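Before any comments, here is the structure.
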There are 2 protein chains.
Amino acid sequence: MFIGEYSHNLDAKGRIIIPSKLRNELHSSFILTRGLDNCLTIYSLEQWEKIFIEINKLPTTKKATRQYIRVLTSSACECTLDNQGRILIPTNLAEPLGIKKEVTIIGANDHIEIWDKKTWDEYIDEADKSFEDVAENLSDLLDND
Amino acid sequence: MFIGEYSHNLDAKGRIIIPSKLRNELHSSFILTRGLDNCLTIYSLEQWEKIFIEINKLPTTKKATRQYIRVLTSSACECTLDNQGRILIPTNLAEPLGIKKEVTIIGANDHIEIWDKKTWDEYIDEADKSFEDVAENLSDLLDND
DNA sequence: TGGGAAATGTTTATAGGTGAATATTCGCAT
DNA sequence: ATGCGAATATTCACCTATAAACATTTCCCA
């Protein structure tokens, strides 16, 4: 499971180091694509397939389904770690999210997310306001036996 | 069950010793994450997994679910006791709580908490004053279920 | 075919993490 | 009170991860 928050910088060529702790749980090849809430998402190949098993259950006759599939697949790219543990973020993925230099990489349970630092700070700032609520639910989850 | 209050100092590299009395009931690996009221919490791996069994049932297509997962996972880190009984507190966890050197480690029933000493002193000072009042109201909490 | 830009790969310096050794303190038992 | 052993504090040394600069290759276009 992917956990933790890590700060990294794009190098001059638009590459970032994937934190070693996250790398340990990742195969050398994976899918980088658009995530929800203005971040990029890394899925393992296995998981990527799983997602499409679910998606293929949705009716392509619906506008929303087609749109979702198009965004997800058109922006997806298969990435490979180089031997320094880096990946190249394609410009067409980085640019719309304002990713230039400082990024925050987070473990998010079953996947990894890459955020522009500023965007992340604002997001988590907002989310923190409801942290106490989150934590209370948490203890409920533990107690319910 | 974890009990007691212990004072310890971070070393130059940001590590603390987990008190030996607490260590006895702890496996060598566990999850360190944000707790309520400005402290850090240690969960066993079993407790942590239990939480995510529940969380994995929630739909990630919902905004609130994603926020919930991100708050939890990004602030978590898996810690391992080194052979002197120490763990490293990651900067991104220590800093927002003002943890620099002096910390108070307390046993809190089913988990362990790590506090900045000053924060703890103030908290317990306040809590002591209202100890009887709080106790008085506790039974109400039970009735309301 | 040569020049240049982009992509890819390598090297090196530094910081941060990890492990070990030693010194010191503390509690317990004699 | 004294001595012993365990627990804790502190220091040092090493190693890995990261950052940044630099070198090489590839490929497109003039």
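Throughout, a chain's letter reflects where its sequence line sits, starting with A, and its residues are numbered from 1. Everything numeric here is computed off the predicted structure, so don't read it as measured data.
Following rounding to the nearest Å, A/Ile105 (CD1) and D/dT18 (P) show an atom-to-atom distance of 9 Å. The distance between atom CG of B/Leu10 and atom P of C/dG16, rounded to the nearest whole Å, is 15 Å. The distance between atom CD of A/Glu102 and atom P of D/dT18, rounded to the nearest whole Å, is 17 Å. The distance from atom CD of B/Glu95 to atom P of C/dG16 is 12 Å, rounded to the nearest whole Å. C/dG17 atom P lies 12 Å from atom CG of B/Leu93, rounded to whole Å. To the nearest angstrom, P of C/dG17 lies 13 Å from CD1 of B/Ile87. Between the CG atom of B/Asn83 and the P atom of D/dA7 there is a distance of 14 Å, given to the nearest Å. When rounded to the nearest whole Å, the span between CG of A/Leu88 and C1' of D/dT26 equals 15 Å.
The existence of a salt bridge linking B/Lys101 and B/Asp116 is excluded, since no basic side-chain nitrogen approaches an acidic carboxylate oxygen closer than 4.0 Å. Taking a cutoff of 4.0 Å between a charged side-chain nitrogen and a carboxylate oxygen, B/Arg70 and A/Asp37 qualify as a salt bridge. Salt bridge absent: B/Lys50 and B/Glu46 never bring a charged side-chain N and a carboxylate O closer than 4.0 Å.
No hydrogens or angles were tested; on distance alone, a donor-acceptor pair under 3.5 Å links the side chain of A/Arg15 to the base of C/dG9. Counting distance only, with no hydrogens placed and no angle test, the side-chain atoms of B/Gln84 and the base atoms of C/dA21 include a donor-acceptor pair under 3.5 Å.
Nearest-nucleotide mapping onto DNA chain D: of A/Tyr6 and A/Asp11, the residue sitting toward the 5' end is A/Tyr6. Across the interface with DNA chain D, nearest-nucleotide mapping of A/Asn9 and A/Lys13 shows A/Asn9 to be the residue nearer the 5′ end.
Of the candidate nucleotides D/dT18, C/dG9, C/dT8, D/dT18 has the atom lying nearest to any side-chain atom of A/Pro19. When each of C/dG9, D/dT8, D/dA19 is scored by its nearest atom to the side-chain atoms of B/His8, the top-ranked nucleotide is D/dT8. Of the candidates C/dG9, D/dT18, D/dT10, the closest approach to any side-chain atom of A/Asp82 belongs to C/dG9.
Using a 4.0 Å heavy-atom criterion, one finds that B/Lys101 contacts the sugar-phosphate atoms exclusively.
Screening A/Leu93, A/Leu88, A/Thr41, A/Ile112 for a side-chain contact (heavy atoms from CB on, under 4.5 Å) with A/Leu32, the sole residue that qualifies is A/Leu93. Checking each of A/Ile42, A/Asn109, A/Asn24, A/Leu26 against A/Phe2 for a side-chain contact (heavy atoms from CB on, under 4.5 Å) leaves exactly one that passes, namely A/Leu26.
For the OP1/OP2 pair of D/dA17 and a distance below 4.0 Å, the side-chain nitrogens and oxygens of A/Arg86 include no atom meeting the criterion.
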